[in-house]
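What follows is one structure encoded as structure tokens, with my remarks underneath.
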Number of protein chains: 2
Amino acid sequence: MTVRQDIHNSSAPVLCQACEARHRGICGALDPDQLVGLAKTSLRRRIRAGAELVGDAEAVDSYANILSGVVKLTKTLSDGRQQVVGLQFAPDFLGRPFKAESTISAEAATDLSLCSFPKAALERMMKEQPGLEHRLLRQTLRELDEAREWMVTLGRKTAAEKIASFLLLIAKNIDPARDPNARMAVFDLPLSRGDIADFLGLTIETVSRQLTKLRADGVIQIENNRHFVVENIARLEARSGS
Amino acid sequence: MTVRQDIHNSSAPVLCQACEARHRGICGALDPDQLVGLAKTSLRRRIRAGAELVGDAEAVDSYANILSGVVKLTKTLSDGRQQVVGLQFAPDFLGRPFKAESTISAEAATDLSLCSFPKAALERMMKEQPGLEHRLLRQTLRELDEAREWMVTLGRKTAAEKIASFLLLIAKNIDPARDPNARMAVFDLPLSRGDIADFLGLTIETVSRQLTKLRADGVIQIENNRHFVVENIARLEARSGS
DNA sequence: CGACCACTTGAATGTACTCAATGAACGTGG
DNA sequence: CCACGTTCATTGAGTACATTCAAGTGGTCG
């Protein structure tokens, strides 16, 4: 582990030294020279929570890696009903290759730090380094698995189970350094009640009621609306419908 | 169009001559020599409707292309609740690369004709032909788009809208030769009422009631439970919530 | 202090579900 | 050929869960 990091960092651009995408993200496919090449055209950007990254049916000319923060992917029906169709965390790749315009919109759920680079730069590099496309395929397959997992939640779970499943999802993804076997979890929710409702296919009121119930039952503690403490994750899992 | 087919077919294996996957599927990435190589290890299989192709958490050692028929991908909760998380049509690729076992189960919704080949053969070929991985990435991205589109349907549409959306989905995918702008559609449903319910996150009874309503309103005609006629697709679209 | 925002709580309503009975199509065996 | 069982779909009545509409709470900021 430490060895691998040493090797990777030895000649990597400064920008990439502390970057998760360098290891777990798509940049892990690049050799030091290629990394330097991509880093030349890349740019670190900070985005405020709530800012729209990509609007529906909007042309996209750059891709990015998430360095920190949470991105919310949404789709909206003509009458305004909204559905969150995905959440992305560091070090996920952000963008939809091979399509001029996106059919979903992306929004910063929290403050973000991105490493962004021109669409053309990545596509050029994909040609000379097939490993890049391989990484992309892996992430896409993972996202597909997640989307299908969520379809089960949306289609077949009760409101109470949806909320428990959601809290588990956040607990497991919000902190990359977290021990996956830990018995307890503490985190700040990256989403408002409204966002959660749109993610779970519920209303704000139902989300609020179910959270209140979990708190009343002693499964979770809530401070300042956003800060959550889960003493015993197993109790949440028991309520998630698995 | 005819030119392209001539070129492709000139030296292609007999098995591949009439195969949609040769053009629109993943095999389109292969040159004639490679196609011959893959065809050597591949096998045409016929499967009866209802047969299970891949069980949940079951090891998979072969991939396949769908030549004809419809495959149903499902996930099941511990208490038996089931959700259909995807439908695949010819000439889709079937299988989950880079993972020893699948977390979903695949079942023949209709009688199937498959072109199946060993996992190892395809993975070997992917190394020497990056275009193959590219095709796979494209299909995966398309499936991801479809899954997200369906998340909106599951999370935010009413039962009536879900049914209309489902009928549109089938009308557009069941017949590869169909004119996408055609005003009317005629098709045999590849799924039972129960399957539809599992796809839409509804019960059988609700599916039945909504279909009856569409028929009563003159939007669709139903013969023998499975055969559907849609005189005016626009009327269905108007009810799909878009 | 008042306005605003996000969230919570309450009461009434409605959509889809559950349970139950009926109907239609198909295959088997007497 | 018809009676019978089976499977699949439809229809009906009553119920439950999440929604809608409405009011209230708590925190933040000008």
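Please read all numbers here as calculations on a predicted model, not as lab measurements.
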Report task. Hey, which sits more toward the 5' end of DNA chain C by its nearest nucleotide, A:Leu211 or A:Arg156? Result -> A:Leu211

Query raised in the report: Are any of the side-chain nitrogens in B:Arg142 or B:Glu146 under 4.0 Å away from the carboxylate oxygens of its partner?
Result: yes

Check: protein-nucleotides 4-7 of chain C nitrogen or oxygen pairs below 3.5 Å:
from: C:dC7; atom 1: OP1; to: A:Arg193; atom 2: N; distance (Å): 3.3
from: C:dC7; atom 1: OP2; to: A:Arg193; atom 2: N; distance (Å): 3.3

Query raised in the report: When you check every protein heavy atom under 4.0 Å of nucleotides 10-16 of chain C, what one-letter string (B, S, -) results, 5' to 3'?
Result: BB----S

Kindly list each side-chain donor-acceptor pair under 3.5 angstrom involving residues 218-231 of chain A, sequence neighbours excluded, with atom names and distances?
from: A:Arg226; atom 1: NH1; to: A:Leu189; atom 2: O; distance (Å): 3.0
from: A:His227; atom 1: ND1; to: A:Asp188; atom 2: OD1; distance (Å): 3.0

Report task. Could you tell me how the ring of B:Phe166 sits relative to the ring of B:Phe199: parallel (under 30°), tilted (30 to 60°) or perpendicular (over 60°)? Result -> perpendicular

Query raised in the report: Looking at CG of B:Asn181 and CZ of B:Arg178, how far apart are the two atoms once the value is rounded to the nearest 0.5 Å?
Result: 8.5 Å

Query - Qualifying residues under salt bridge (Lys or Arg N to Asp or Glu O under 4.0 Å), relative to A:Asp111, sequence neighbours excluded - result: A:Arg48

Query raised in the report: Are the charged groups of B:Asp198 and B:Lys72 less than 4.0 angstrom apart, N to O?
Result: no

Report task. Hey, could you give me the CZ/CG distance between A:Arg22 and A:Leu15, rounded to the nearest 0.5 Å? Result -> 11.5 Å

Query raised in the report: Does anyone know the first and last nucleotide of DNA chain D in reach of chain B, 5' to 3', at under 4.0 angstrom to a heavy atom?
Result: D:dA9 to D:dA13

**Report entry** Exceeds 12 heavy-atom contacts within 6.0 angstrom, atom CZ of A:Arg45
**Finding:** no

Requested in this report: May I ask you to say whether A:Lys172 pairs ionically with A:Glu237, meaning some side-chain N is under 4.0 Å from a carboxylate O?
Outcome: yes

Query raised in the report: Which residues pass the salt bridge (Lys or Arg N to Asp or Glu O under 4.0 Å) test with A:Arg235, sequence neighbours left out?
Result: none

